[in-house]
Q: 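I'd like to ask some things about the structure below.
None of the values given here were measured: they were computed from a predicted structure. The chain is numbered in sequence order, starting from 1.
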Amino acid sequence: MALTAVADDRIATVVTTLEMRQRPPLRPTPASPLRLVRWDRPSAARYRALFTRIGAPWLWFSRLALSEEALLAIIHASTTEIYVVADPAGIEVGMLELDLGTSGECTLAYFGLIPELAGQGHGRWLMAEALTRAWRGGVTRVVVNTCTLDHPSALNFYRAQGFTATSRTVETFVDPRLSGLLPPDAAPQIPCLDSRRQATIATSASATS
């Protein structure tokens with residue numbers, strides 16, 4: 001078995017693409033105190049703040065690397081639908097983003113809740129809401145991607161919801177903690193081998209001790 005080296009300043013992950021080819025049978029939506037609200041043309045700053053709050057623990061960074069113009073072109077496109085998950089107090093605690101840019105297809109581009117809500121069953125509620133919106137006239141395929149940097153249960157969760165894995169790819173990228181897109185202490189469960197981050201964390205720890 002041959003191994004391929006990855007530079008210390010980069011991260012490698014295996015991306016699994018999953019699909020659903022048939023609308024799932026109707027069933028009651030799981031109960032939840034949360035609600036899903038359409039986000040109509042959010043500002044880049046507001047979008048990035050929620051994106052980071054949800055995704056930083058899993059090194060979500062792609063939307064943070066875009067210019068404001070490029071980001072707004074995506075999230076304000078007529079083929080993009082963004083929904084915010086709000087708690088009973090109206091605080092934004094999750095996100096659902098649908099990409100309808102491919103004919104006959106709906107991609108769950110971003111699907112997530114803040115880490116504090118993990119393991120409470122809210123994911124099943126959000127998926128039920130997502131599929132209700134994804135399966136619309138003309139859609140014959142719903143797609144979602146997950147990777148080995150996501151929550152360890154993510155892949156099994158999608159499969160349990162009726163998705164089937166169709167392909168795997170390997171992605172490598174510069175660690176966003178080194179480029180400044182995410183703070184140095186983000187996602188501590190994902191090791192960074194580059195000495196620059198290790199030095200930054202050590203300096204921060206000394207300053208707060």
Q: Sub-3.5 Å donor-acceptor pair from the side chain of H76 to the main-chain atoms of D40, do we have one?
A: no

Q: If the test is salt bridge (charged side-chain N to carboxylate O under 4.0 Å, His left out), which one of R136, R41, R133 qualifies with E81?
A: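 Checked R136, R41, R133 against E81; only one passes salt bridge (charged side-chain N to carboxylate O under 4.0 Å, His left out): R136.
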
Q: Given the rule in the side-chain contact (heavy atoms from CB on, under 4.5 Å) test, do E97 and W39 qualify, once you have shown the distances and angles that lead to the verdict?
A: CA-CA 10 Å; E97 184 173 326; W39 234 7; over 6 Å; no

Q: List the atom of A130, the atom of F111, and the distance in Å for their closest heavy-atom pair.
A: CB-CE1, 4.2 Å

Q: Students often mix this up, so state it plainly: with edges at 30° and 60°, are the rings of W60 and F51 parallel, tilted or perpendicular?
A: tilted

Q: Please report the C-alpha distance between L34 and V93 in whole Å, then the side-chain angles of each, then the deciding distance to 0.1 Å, and finally whether the side-chain contact (heavy atoms from CB on, under 4.5 Å) criterion is met.
A: CA-CA 9 Å; L34 307 177; V93 294; 4.1 Å; yes

Q: Are the side chains of T16 and Y158 in contact, using a 4.5 Å heavy-atom criterion?
A: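 Result no, sub-4.5 Å side-chain heavy-atom pair not found.
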
Q: Which atoms form the tightest heavy-atom contact between V142 and F163, and what is the distance?
A: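 Shortest heavy-atom separation between V142 and F163 comes out as O-CE2, 3.6 Å.
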
Q: Please examine the side chains of T17 and N145, heavy atoms only from C-beta on, and report whether any two atoms are closer than 4.5 Å.
A: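 SC-SC contact between N145 and T17 confirmed.
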
Q: Can you name the nearest heavy-atom pair linking L72 to A44, along with the distance?
A: CD2-N, 3.8 Å

Q: Looking at T172, T148, D150, which one forms a side chain to side chain donor-acceptor pair (under 3.5 Å) with T13?
A: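 That would be T148; it is the only one of T172, T148, D150 passing the side chain to side chain donor-acceptor pair (under 3.5 Å) with T13.
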
Q: Are R53 and E92 within salt-bridge range, i.e. N to O under 4.0 Å?
A: no

Q: Can you confirm whether more than 12 heavy atoms, excluding those of R38, are under 6.0 Å from its CZ atom?
A: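 More than 12 heavy atoms, drawn from other residues, nucleotides or ligands, come within 6.0 Å of this atom.
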
Q: If Ile, Leu, Val, Met, Phe, Trp and Tyr residues are connected whenever their side-chain heavy atoms lie under 4.5 Å apart, and connections chain through other members, are V14 and F61 in the same group?
A: no

Q: Strictly distance-based, threshold 3.5 Å: is any side-chain N or O of R177 a donor or acceptor partner for the main-chain N or O of A186?
A: yes

Q: Would you indicate whether Q189, at its atom CD, is surrounded by more than 12 heavy atoms from other residues, nucleotides or ligands within a distance under 6.0 Å?
A: yes

Q: I'd like to check Y83 versus R35 (side-chain heavy atoms, cut-off strictly below 4.5 Å). Are they in contact?
A: no

Q: How about F157 and M127: do any of their side-chain heavy atoms sit closer than 4.5 Å?
A: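 Yes - at least one pair of side-chain heavy atoms lies under 4.5 Å apart.
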
Q: So do C192 and L178 actually touch side chain to side chain, heavy atoms under 4.5 Å?
A: yes

Q: Under 6.0 Å from the six-membered ring centre of Y47 and within 45° of its axis: does the NZ or CZ of R63 meet both?
A: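 No, R63 does not sit over the ring of Y47.
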
Q: Are V139 and L18 connected in a single hydrophobic cluster, I mean Ile/Leu/Val/Met/Phe/Trp/Tyr linked by side-chain heavy atoms less than 4.5 Å apart?
A: yes

Q: Any chance you could measure I11, atom CD1, to F173, atom CZ, to the nearest 0.5 Å?
A: 5.0 Å

Q: Measuring from atom CZ of R159 to atom OG of S153, what distance do you get when rounded to the nearest 0.5 angstrom?
A: 12.5 Å

Q: Side-chain contact, heavy-atom cut-off 4.5 Å: V85 with L96?
A: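 No, their side chains stay 4.5 Å or more apart.
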
Q: Roughly how far apart are Y110 OH and T80 OG1, rounded to 0.5 Å?
A: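 If we round to the nearest 0.5 Å, Y110:OH and T80:OG1 are 11.0 Å apart.
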
Q: As an exercise, state the distance from CZ of R46 to CD1 of I75, rounded to the nearest 0.5 Å.
A: 10.5 Å

Q: If I take atom CG from residue L113 and atom CG from residue D87, how far apart are they, to the nearest 0.5 angstrom?
A: 11.0 Å

Q: In terms of hydrophobic clustering (I, L, V, M, F, W, Y; side-chain heavy atoms under 4.5 Å; direct or indirect links), are L126 and V143 co-clustered?
A: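 Different hydrophobic clusters.
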
Q: Should we count CD of E116 as having more than 12 external heavy atoms under 6.0 Å?
A: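 Counting neighbours around CD of E116, more than 12 heavy atoms of other residues, nucleotides or ligands fall under 6.0 Å, so yes.
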
Q: Can you tell me if R124 has over 12 outside heavy atoms packed within less than 6.0 Å of its CZ?
A: no

Q: Are W58 and V15 linked, directly or through intermediate hydrophobic residues, by side-chain heavy-atom contacts shorter than 4.5 Å (ILVMFWY only)?
A: no

Q: Which atom names give the shortest non-hydrogen contact between H122 and P33, and what distance separates them?
A: CE1-CD, 3.8 Å

Q: Do I190 and V174 belong to the same hydrophobic cluster, where Ile, Leu, Val, Met, Phe, Trp and Tyr are linked whenever their side-chain heavy atoms lie under 4.5 Å apart, directly or via other members?
A: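 I190 and V174: separate clusters.
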
Q: When you compare the side chain of L131 with that of M20, does any pair of heavy atoms fall below 4.5 Å?
A: yes

Q: Are E105 and D99 close enough that some pair of their side-chain heavy atoms sits under 4.5 Å apart?
A: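 Heavy-atom side-chain distance check fails, nothing below 4.5 Å.
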
Q: If you draw a 6.0 Å radius around CZ in R141, do more than 12 non-hydrogen atoms from other residues or ligands fall strictly inside?
A: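 Correct, the count exceeds 12.
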
Q: To the nearest 0.5 angstrom, please state how far the OG1 atom of T140 sits from the CZ atom of R21.
A: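 Interatomic distance, T140 OG1 to R21 CZ, rounded to 0.5 Å: 6.0 Å.
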
